[in-house]
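Notes for the one structure printed next.
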Protein chains: 2
Amino acid sequence: MEQALQRQTAPPRPPVEPSAPEPMFDLIEALFFAYRDFVGDADRLLLRYNFGRAHHRVLYFVDRRPGLSVAELLDLLKITKQSLSRVLKELIDGDYIEQRPGLADRRQRLLFATDAGHALALEIAHVQSRRFATALAKLPAGAREQGAAFLAAISDAGEGK
Amino acid sequence: MEQALQRQTAPPRPPVEPSAPEPMFDLIEALFFAYRDFVGDADRLLLRYNFGRAHHRVLYFVDRRPGLSVAELLDLLKITKQSLSRVLKELIDGDYIEQRPGLADRRQRLLFATDAGHALALEIAHVQSRRFATALAKLPAGAREQGAAFLAAISDAGEGK
DNA sequence: TAAATATGTCAGTTCTATTGACATATTTCA
DNA sequence: TGAAATATGTCAATAGAACTGACATATTTA
């Protein structure tokens with residue numbers, strides 16, 4: 001008997017202080033789903049290389065900011081040195097990233113994407129951009145600029161950082 | 001000698017097929033940073049309860065969709081049953097979520113937030129909403145609607161799902 | 001020359017997720 | 001009615017990505 005599944009309701013709640021405004025559940029959920037599907041694109045591609053999200057984040061920023069130092073990368077990703085080391089080692093061993101000593105400060109190990117690394121970074125960026133393009137096609141003109149401004153305002157560094 | 005740190009340049013790249021359009025690096029990075037800082041808010045709060053991101057995601061959706069079944073939750077989170085089980089168990093043991101057999105289908109275990117669970121979910125949502133409010137204050141009128149539409153268009157389910 | 005800095009590494013741990021296999025209760029369908 | 005499908009739970013093993021703490025090396029700065 002295909003009975004209409006009547007959803008049970010939320011339990012009654014104790015009264016709340018009416019001080020706090022209603023949370024913006026629409027934005028909270030939309031950001032969650034957008035990010036989930038956005039990184040899903042990259043995940044699928046990275047499987048072929050036995051790389052994970054962590055590898056992608058490192059490769060992405062090294063490719064976009066050639067000559068990045070390890071310290072700068074750590075600050076960008078907000079992870080620890082030890083977390084980075086495994087991932088970075090694998091990318092270097094696989095010849096996707098290379099290190100060169102700093103010119104001014106030879107303690108530094110500046111990071112550069114190799115040709116292979118650059119190609120992989122670009123491939124992933126293309127897939128993700130295709131997702132954006134599909135989205136923007138459904139939205140009115142100016143949506144790209146508005147979306148970028150909106151996202152930038154949400155992050156701690158209101159600017160691009 | 002505080003020498004101006006002259007950034008090394010990217011290595012020359014082999015020529016590319018000009019077929020692919022330039023990736024939308026602005027949006028890619030903006031989404032990354034926005035999400036990183038957005039979940040950072042929740043992470044800090046959850047530390048006090050010895051909960052992680054996984055707990056939050058479960059609690060959030062159960063609170064927002066009272067009477068959600070386990071299968072629906074798995075589909076929403078796009079994780080496996082086994083991944084969910086540990087996290088869900090801890091939330092049930094800690095009395096943040098409770099289960100009740102389905103009315104129509106007694107195989108189901110429908111999930112509900114307890115008062116404590118509801119309070120925690122709301123507390124986190126408030127912190128995240130404060131971030132959105134701060135961002136929207138810097139943006140022109142209509143930014144909330146535009147931002148929500150933009151994010152919704154990016155996810156696979158263009159609608160709220 | 002001593003202290004600070006940039007990086008690397010070793011060891012141990014935690015959290016989150018995975019796959020595969022199997023058990024139980026309940027519902028649906030032929 | 002009985003077999004198959006469904007919803008859920010659980011056990012075991014594993015992987016990936018992060019963490020803390022401690023310590024080593026090379027280099028720069030004071």
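Being a predicted model, the structure only gives us computed values, none of them experimental. Only this structure's heavy atoms are used, side chains among them; waters, hydrogens and symmetry mates stay out. Proteins come first, then strands; the chains are lettered A, B, ... in the order of their sequence lines, and each starts at number 1.
- Nearest-nucleotide mapping onto DNA chain C: of Ser85(A) and Gln108(A), the residue sitting toward the 5' end is Gln108(A).
- If Lys89(A) and Asp105(A) are placed on DNA chain C by their nearest nucleotide, the residue sitting closer to the 5' end is Asp105(A).
- At whole-Å resolution of the value, NZ in Lys81(A) and P in dA22(D) are 13 Å apart.
- With respect to Asp26(A) and Arg144(B), a salt bridge is recorded, a charged nitrogen being found less than 4.0 Å from a carboxylate O.
- With a 4.5 Å cut-off on side-chain heavy atoms, Ile124(A) and Asp41(A) do not count as touching.
- Residue side chain Arg107(B) reaches the base of dT6(D) through a donor-acceptor N/O pair under 3.5 Å, judged by distance alone.
- Put simply, Ser83(B) has no side-chain N or O that comes within less than 4.0 Å of OP1 or OP2 on dT16(C).
- Side-chain nitrogen and oxygen atoms of Arg109(A) include none within less than 4.0 Å of the OP1 or OP2 phosphate oxygen of dA6(C).
- Contact between the side-chain N/O atoms of Arg57(A) and the OP1/OP2 oxygens of dA18(D) is found at a separation under 4.0 Å.
- Here dT7(C) is the nucleotide among dG9(D), dA17(C), dT7(C) with the atom lying nearest to any side-chain atom of Ser69(A).
- Summarising the geometry, the separation between CZ on Arg100(A) and C1' on dT27(D) is reported as 20 Å, rounded to the nearest angstrom.
- Summarising the geometry, the separation between CZ on Arg86(A) and P on dC10(C) is reported as 15 Å, rounded to the nearest angstrom.
- Atom CD1 in Ile79(A) sits roughly 13 Å away from atom P in dG8(C) (whole-Å rounding).
- Taking atom CG on Leu84(B) and atom P on dA17(C), their separation rounds to 9 Å, with Å as the unit.
- Set against dA18(D), dT27(C), dC19(D), the side chain of Thr80(A) has dC19(D) as its closest nucleotide.
- Between the CG atom of Leu91(A) and the C1' atom of dG16(D) there is a distance of 14 Å, rounded to whole Å.
- Under a 3.5 Å cut-off, the side chain of His55(A) and the backbone N or O of Gly52(A) do form a donor-acceptor pair.
- Each of Arg36(A), Arg48(A), Arg53(A) was compared with Asp43(A) under the salt bridge (charged side-chain N to carboxylate O under 4.0 Å, His left out) criterion, and only Arg53(A) meets it.
- Listed candidates were dT8(D), dC19(D), dT7(C). Nearest to the side chain of Ala71(A) is dT7(C).
- Within the nucleic acid shown, Gln99(A) comes within 4.0 Å of sugar-phosphate atoms alone, with no base atom in reach, counting heavy atoms only.
- Within the structure, every side-chain polar atom (N or O) of His55(B) is placed at least 4.0 Å from both OP1 and OP2 of dC15(C).
- The aromatic ring centres of Phe33(A) and Phe61(B) sit less than 6.0 Å apart.
- At a cut-off of 3.5 angstrom, counting only N and O atoms as typed in the model, there is no donor on one side facing an acceptor on the other between the side-chain of Gln82(B) and the base of dG9(D).
- For Arg106(A) and dT25(D), the CZ to P distance is 18 Å, given to the nearest whole Å.
- If you take CG of Leu110(B) and P of dG9(D), they are 11 Å apart, rounded to a whole angstrom.
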